[in-house]
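Whatever order the structure lists ligands and atoms in, that order sets their numbers, starting from 1. Along the sequence shown, residues are numbered consecutively beginning with 1.
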Amino acid sequence: MTNSISTRLAVLGSGPAGYTAAIYAARAGLSPVLIQGIVPGGQLTTTTDVENYPGFRDVIQGPWLMEEMQAQAEHVGTKVVWDHITSVDLSRRPFRLTGDGGTSYFADALVIATGAQAKWLGLPSEEHMKGRGASACATCDGFFYRGKKVAVIGGGNTAVEEAIYMTNHSQDVTLIHRRDSLRAEKILQDRLFANPHVKIIWNAEVAEFLSGGMPEALTGLQLKDTQTGALSKIEVEGAFVAIGHSPATELFKDQLELDKDGYIQVETGTTRTTIPGVFACGDVMDKIYRQAVTAAGTGCMAALDAEKFLAAQEYEALAAE
Ligand code: NAP
């Protein structure tokens, strides 16, 4: 027999956006059901030190922060379930979500907080050095590399912004790009070229992350010239891979309006998507800020927007009686 769960509000995703939406919705009396997805806790469970989430003087751990958010969401009345949603029907209300074990969730309103994943180069040595010199977020981890030589890999807006950002911490930043021109906006390129602390290596891709010492740490990168194939090395202690993100929107792509990069489109200044009753928050709709605290902020907005929507529905139903 397959299970069926009905709720006024379902929250899909268990990063800071999802948990914050659930906390606000639960405190508004909506008894939300939060479906965690394959990686409970989201991207923060794969980072270690977190030093920029307000409220904590000491460095905290990403997985711990997410456990606390889950505990808070449950404490105020959220039902948290572990399930992997494989299909969604947003064509009529209640919206229907189906889990891979066959459970159906019916929800009068839905908050989507499925997040995004940073893209990595896919090298085994990169995987090995994650958290030990290889990072996909300079804003999150850059502080740990102050005064050290660092590299940023990529040629889009994110890479250029991260290279410029890193000059707040380091006077020796190298941007490594696989072509001889950047994809980033001209204004960002102008700022980058004018920054005396950034060098650029053109036509190069990273062949290997080099490491040594005890405890093991990043010592440099082996580069391959994309035109000649020649190998070279640079010494760096931090390498930030900034080659884009993939929002987790596969489930919604034929139902909601997405932008050219696959992010869910929301009405400016709100979390309302193109379907009334469906709201999006966090990295799945934000390709610019992508921080735990901004995700939490939009999670709060989504809960308030959903609450308002459900109240209006109730009022209309009462008026029709
Ligand atoms: P992006 O624009 O897709 O750029 C990715 C960069 O990484 C490209 O330069 C690409 O090289 C390079 N790259 C991709 N795969 C690679 C690989 N395997 N090896 C080496 N290099 C690789 O990604 P993004 O910079 O994260 O930006 C994503 C979207 O967010 C864009 O629409 C951007 O405008 C937006 N954004 C806006 C802001 C802002 O408005 N302030 C800030 C950040 C992002 P090629 O150029 O050779 O393809």
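At the top of the distance list for atom 23 (O) of ligand 1, counting protein heavy atoms only, stands Gly244 CA, 3.6 Å. The protein heavy atom nearest to atom 10 (C) of ligand 1 is Arg178 NH2, 3.8 Å. Residue, atom and distance of the protein heavy atom nearest to atom 30 (O) of ligand 1 are Lys287 CD, 3.4 Å. Shortest contact from atom 44 (C) of ligand 1 to any protein heavy atom: Thr158 OG1, 3.4 Å. Atom 39 (C) of ligand 1 has Glu161 OE2, 3.8 Å as its closest protein atom, hydrogens excluded (heavy atom only).
Interatomic distance, Thr273 OG1 to Gln255 CD, rounded to the nearest 0.5 Å: 10.5 Å. Separation of atoms CG (Leu123) and CE (Met129) is listed at 13.0 Å; rounding is to 0.5 Å. To the nearest 0.5 Å, atom CG of residue Leu110 and atom CG of residue Leu12 are 6.5 Å apart.
Only the side chain of His177 comes within 4.0 Å of ligand 1, judged by heavy-atom distances. Counting heavy atoms under 4.0 Å from ligand 1, residue Leu121 touches it through the side chain alone. If you look at Asp261 next to ligand 1, the close heavy atoms, those under 4.0 Å, all belong to the side chain. When non-hydrogen atoms are compared, ligand 1 lies under 4.0 Å from the side chain of Arg183 (C-beta onward) but not from its backbone. With a 4.0 Å heavy-atom cut-off, ligand 1 is reached by no atom of Lys119.
Counting non-hydrogen atoms of neighbouring residues, nucleotides and ligands closer than 6.0 angstrom, the OH atom of Tyr145 exceeds 12 such neighbours. Atom OH of Tyr289 sits in a sparse spot, with 12 or fewer heavy atoms from other residues, nucleotides or ligands closer than 6.0 Å. More than 12 heavy atoms of other residues, nucleotides or ligands shown are found within 6.0 angstrom of CZ on Arg179.
Closest to atom 4 (O) of ligand 1 by heavy atom, among Gly122, Gly156, Ala118, is Gly156. When Asp180, Asp286, Ile243, Ile187 are checked for heavy-atom proximity to atom 13 (N) of ligand 1, Ile243 turns out nearest.
Checked by distance only, ligand 1 and Gly155 come closer than 3.5 Å through their nitrogen or oxygen atoms. Backbone and side-chain nitrogen or oxygen atoms of Asn157 are examined, and one is located within less than 3.5 angstrom of a nitrogen or oxygen of ligand 1.
Inside a 4.0 Å radius of atom 42 (C) of ligand 1 there is at least one protein heavy atom.
Using a 4.0 Å cut-off to heavy atoms of Arg179, the atoms of ligand 1 that qualify are 45 (P), 46 (O), 47 (O). With ligand atoms numbered from 1 in the order given, ligand 1 contributes 32 (O) to contacts under 4.0 Å with heavy atoms of Lys260.
Gly37 and Trp82 get closest at one heavy-atom pair: O-NE1, 3.0 Å. In plain terms, the two heavy atoms of Thr86 and Asp100 that are nearest each other are CG2-CB, 3.6 Å. In terms of heavy-atom proximity, Tyr19 sits nearest to Ser14 at CE1-O, 3.1 Å.
Distances shorter than 4.0 angstrom do not occur between any heavy atom of Glu205 and any atom of ligand 1.
Between Lys148 and Asp172, none of the side-chain N atoms (NZ, or NE/NH1/NH2) sits under 4.0 Å from a carboxylate O, so this pair counts as no salt bridge.
Between Leu218 and Phe209, the closest side-chain pair of non-hydrogen atoms falls below 4.5 Å.
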